[in-house]
Amino acid sequence: MFDGTGFPLLSDSAAGMTADDGLAALLRRCAERDPLALRALYDAMAPTMLGIALRLLRNRPHAEETLQDAFLQIWRNADRFDTQRGSPKAWMIGILRYRALDRLETEKRHTGTDDLPDVAAELPVDIEDSRALSGCINELPENWRRSVMLSYVEGYSHSEIADLTKTPLGTIKSWIVRSLDALKKCLER
Amino acid sequence: MSDLVAPPPDRAGLYVLGLLRGQERREFEADLAVDPVLAMEVAAWEVRLLPLSLAIAPVEPSEAVWLEIQRILAPRESAGSVPVPASLRRRPSWRESFWDNVAVWRGIGGIAIAAALAIALLRPQPVPAPGLVAVLSSKAGPVFTVALRSDGGMNIAPVGSIKPPPGKVWQLWAVAGGEKPVPVGFVSAKPSILPAHQIPADLRKPNILMAVTVEPPGGSPTGQPDTPIVFAGPILPINGGA
């Protein structure tokens, strides 16, 4: 029992269960209209999702409204989550991101007068369990990498990145397209 | 990287980066709705880039966010006011001591975890730390959910309605591999909030086993568990990758 020797479960930590399995099952329960499952999803994911929304919107009230909208949409569309299709975390975070982008588009937050966020200081980001992506991101030339981070993490558009970095728009577009191509190839290696 | 010819734009990738805007985005989303291949490409990019999102520091929402969600869904879909589904009300046969039977623990699946998580924390409470949870299960299924807060406290919610044996209490332990169990509080048949710093910081991490034993009131007199584990489960990260 508690003899301090051998906790086989610890080496087999999740006993076959992953957090993703749990989230996917919670989404199924939301699809069956179990509101308790929504609360559990919220407890598990809301802090992560608010952090992401804040980076995109840089406005706490807007970020919290977006988080709220995202959870209402998760509740209403839970039956559309397809386990075969992918990760429940990616699905939920995707919903949040697209709602945040809606907000960015309507509010035209980025006026071109923003200071350039010091994304370089944050790279390589602390990407646990994703050495592959981290490695591939770091293989990109610095300008490309910065453009990817400014768009995905900070929510800037092509033209905003061009303004911020004082780089021609066509060059930014080309860096992004090449970055996507390079990342895809790198991750498939 | 030295390609001279630019590759064709990857619309799915641009969409997931957030770089399709306005009309371009609306057209893409219209295509997406009717093109399963495109939807798969988008999902693949969402998964590829997910670690960048998960690397962003979590921020705890104010309580008002959940209250507003609840208000909007009420009364039709009142979150938190619906009785526990019958399927979750099973009473685990905790008379059995099964600690020695590792296969039992291995057999407790993700559904059980989710079912238990679904019961967690119905009222506005301190929001847990970003995604550290443990589901304490018996052979028959989940019994408690434990959500760890960043301050070392815990929100604990029972699944169903079992009680400890008459005259006994349930004592909660945190166990690191090869180490003596550390008592971290008590759980009861009701939802409870254990105060901050109940769990030492070095035990507040994935794969630490949370376990419950039946002890006399006040806890084990020896400071160590004297009886078999009745429920247990490892701390799991919600954000720890698939």
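Model, not experiment: these values are computed from the prediction. The sequence lines fix the lettering, A, B, ..., with proteins before strands; numbering per chain opens at 1.
In this structure, Glu64(A) contributes its side chain and Ser62(B) its backbone to a donor-acceptor pair below 3.5 Å. With Arg97(A) contributing its side chain and Val16(B) its backbone, the two residues share a donor-acceptor pair below 3.5 Å.
Under the 4.5 Å side-chain criterion, counting only non-hydrogen atoms from C-beta, Leu17(B) is in contact with Ile176(A). With contacts defined as side-chain heavy-atom distances shorter than 4.5 Å, the pair Val47(B)/Trp91(A) does not qualify. With contacts defined as side-chain heavy-atom distances shorter than 4.5 Å, the pair Pro35(A)/Leu73(B) does not qualify. Looking at heavy atoms from C-beta onward, Ile93(A) lies out of side-chain contact with Glu46(B) at the 4.5 angstrom threshold. A 4.5 Å side-chain heavy-atom check between Leu50(B) and Lys89(A) finds at least one atom pair inside the cut-off. Looking at heavy atoms from C-beta onward, Ile52(A) lies out of side-chain contact with Leu54(B) at the 4.5 angstrom threshold. Counting heavy atoms from C-beta on, the side chains of Glu65(A) and Val65(B) never come closer than 4.5 Å. Between Ser134(A) and Pro51(B), every side-chain heavy-atom pair lies at or beyond the 4.5 Å cut-off.
With a 4.5 Å cut-off on non-hydrogen atoms, Lys184(A) touches chain B through its backbone and its side chain both. Interface remark: Glu188(A) contributes side-chain atoms only to the contact with chain B (heavy atom separation under 4.5 Å). Contacts between Leu101(A) and chain B at a heavy-atom distance below 4.5 Å involve backbone atoms as well as side-chain atoms. Using a 4.5 Å cut-off between heavy atoms, Leu20(B) contacts chain A through its backbone alone, with no side-chain atom that close. In this structure, the portion of Pro8(B) lying under 4.5 Å from any heavy atom of chain A is its backbone and not its side chain.
Summarising the geometry, atom NE2 belonging to His158(A) is positioned 4.0 Å from atom CG belonging to Leu19(B); distances are rounded to the nearest 0.5 Å. Note: Leu180(A) CG to Arg48(B) CZ = 9.0 Å, rounded to the nearest 0.5 Å. Taken to the nearest 0.5 Å, the OG atom of Ser159(A) stands 8.0 Å off from the CZ atom of Arg21(B). We find the CD1-CZ distance between Ile72(B) and Phe71(A) to be 13.5 Å, quoted to the nearest 0.5 Å. Rounded to the nearest 0.5 angstrom, Asp69(A) CG and Ile69(B) CD1 are separated by 9.0 Å. Here the CG atom belonging to Asp10(B) is positioned 14.5 Å from the CZ atom belonging to Arg178(A), to the nearest 0.5 angstrom.
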Begin from the C-alpha positions of Tyr98(A) and Tyr15(B) and carry the test side-chain contact (heavy atoms from CB on, under 4.5 Å) through to its verdict.
-> CA-CA 9 Å; Tyr98(A) 301 124; Tyr15(B) 176 71; 3.4 Å; yes

Would Ile56(B) and Leu54(A) satisfy side-chain contact (heavy atoms from CB on, under 4.5 Å), going step by step from the backbone distance to the final call?
-> CA-CA 10 Å; Ile56(B) 295 169; Leu54(A) 268 173; over 6 Å; no

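Contact count versus chain A (heavy atoms, under 4.5 Å) is highest, among Gly22(B), Ala57(B), Ala64(B), for Gly22(B).
Closest approach of Pro61(B) and Leu50(A) over heavy atoms only: CA-CD2, 3.5 Å.
Between Asp102(A) and Arg25(B) a salt bridge is recorded (basic side-chain N to carboxylate O distance below 4.0 Å).
Using cut-offs of 30° and 60° on the angle between ring planes, the pair Tyr42(A) and Trp66(B) is tilted.
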